[in-house]
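Both ligands and their constituent atoms are indexed starting at 1 by order of listing. What you are looking at is a predicted structure, and each value in this text was computed from that prediction instead of being measured.
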Amino acid sequence: MINCNKSFAQARRLAIITRRLYQVLAIESSCDDSCLALLEKVPNKPPIVIDHLKRTLNSTVTGGIVPPVAVHFHQQNLASMVSEFTNKHNFNTKPPDLICCTRGPGMIGSLSSGLQLAKGLCIGWNRPLIGVHHMLGHILVSKLASRPVYPFLSLLCSGGHTMLVLSKSLIHHEIIVDTMDIAVGDSLDKCARELGIQGNVLGKELEAFVDAIPQPLKRKFDDIRTQTRDNEFKFKLTRPLRNASIPQVIEFTFASFLSSIQHHKSSYGLDEETQQFLAFKIQKFIFQHIIDRVNIAFCKHGIDGNGDRKFENVKHLIVSGGVASNQTFRKLLNQELKLASISQDPANVEFIFPDISLCTDNAIMIGVAGIEIFETLQKETDLTVLPIRKWPMNEILEVDSWKDIPEHQVQSIINL
Ligand code: ZN
């Protein structure tokens, strides 16, 4: 009996050893980042990142992303990046087994640049293509370092999106809170520019600018109320949509922050301390507005009072997207989110913050999501695929061009 068990264990070990690692090449080009990643995968284990590259369009001169300029940028960069990987990782001898590429949502020209290149690679190497939903990448990249269990919540905050999503499975996602106007990252960028802060990624520059304010000054700023102009800076700023009742549709709104700065500048000007004060307050209020709305959603879908208990079994809250890398934001989330509204034992609700380098757009997240689709759904994308500008998260499979991968092809990739 013992021998039998031993031989079974040996056979299993041998099967694992002989099971081939398969390699995945991933491309992301939905906005202004040209990204490429090579991942390695053993079934039932998290993917391993072998290599990744990212080149970002510098939009300092244009003051924002100009879509045709972004297309030229991707066309200049993506092919040379693939060529670099081909030489470095010997793709001519052994090409990757699977190609994953962002299909949408995003800017059509930018998406097309990556998708066309991916199609060419699939034809040349005779490999399947997986057209990946960009937001699914932002959510699933957390699986590299942790194991979120469905149902879980994701708070996605970046230059292109701000949303709270409830995920019940790989393909079942419900957007609980979305923005009614612009995305939080866009708002931070615009406010930073209006305040005279310079750089390429202005939201990041704003964070650095606020961090550099001396601590005593920050404490002073924190104590100043701005509900009216009756303060030393004559600056009025309130947190939008702060009403006591729970609305039918819970939304974020970020457009008013910029107009507050514009109004103040035109009426009162902007000396150095006022610039610091406005930057400090705007950044904090933007983050607190997100927290306000998420807390309202917790209340509406939580376990207290009239809550509909939709979030009852949620144990993980993923916070991802470029803005999620902001340390002030992370601290405020930890301090001010009312986790007790959704769980009897709030200590059991775990925050998952993907590594900062994975919070901004990257190809690793596209590879991770593509692998999940390949292994769980065994689906690939037909080469007639077109990019999708707006692709709702609750319609991952409800778009054309998905098809089943024949079982023998799945096995030929996963096994020897
Ligand atoms: Zn993104």
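Using a 4.5 Å cut-off on side-chain heavy atoms (C-beta onward), Pro247 and Ile296 make contact.
Coordination check, Cys31 versus the Zn ion (ligand 1): failed, since every N/O/S atom of the residue sits at 2.8 Å or beyond.
Applying the side-chain hydrogen bond (donor to acceptor under 3.5 Å, both in side chains) test to every pair with at least one member in residues 126-135, sequence neighbours left out, gives these pairs: Glu28-His134, Ser30-His134, His134-His138, His134-Asp361.
Between the Zn ion (ligand 1) and the N, O or S atoms of His134, the shortest distance is to NE2. When distances from the Zn ion (ligand 1) to the N, O or S atoms of Asp361 are compared, OD1 comes out shortest.
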Given the rule in the side-chain hydrogen bond (donor to acceptor under 3.5 Å, both in side chains) test, do Thr162 and Arg293 qualify, once you have shown the distances and angles that lead to the verdict?
CA-CA 11 Å; Thr162 316; Arg293 307 318 286 164; over 6 Å; no

Tell me, with the steps shown, if Val165 and Leu156 meet side-chain contact (heavy atoms from CB on, under 4.5 Å).
CA-CA 8 Å; Val165 182; Leu156 303 170; 4.3 Å; yes

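Around the Zn ion (ligand 1), the angle linking His161 (NE2) with His138 (NE2) is 100°, rounded to 10 degrees.
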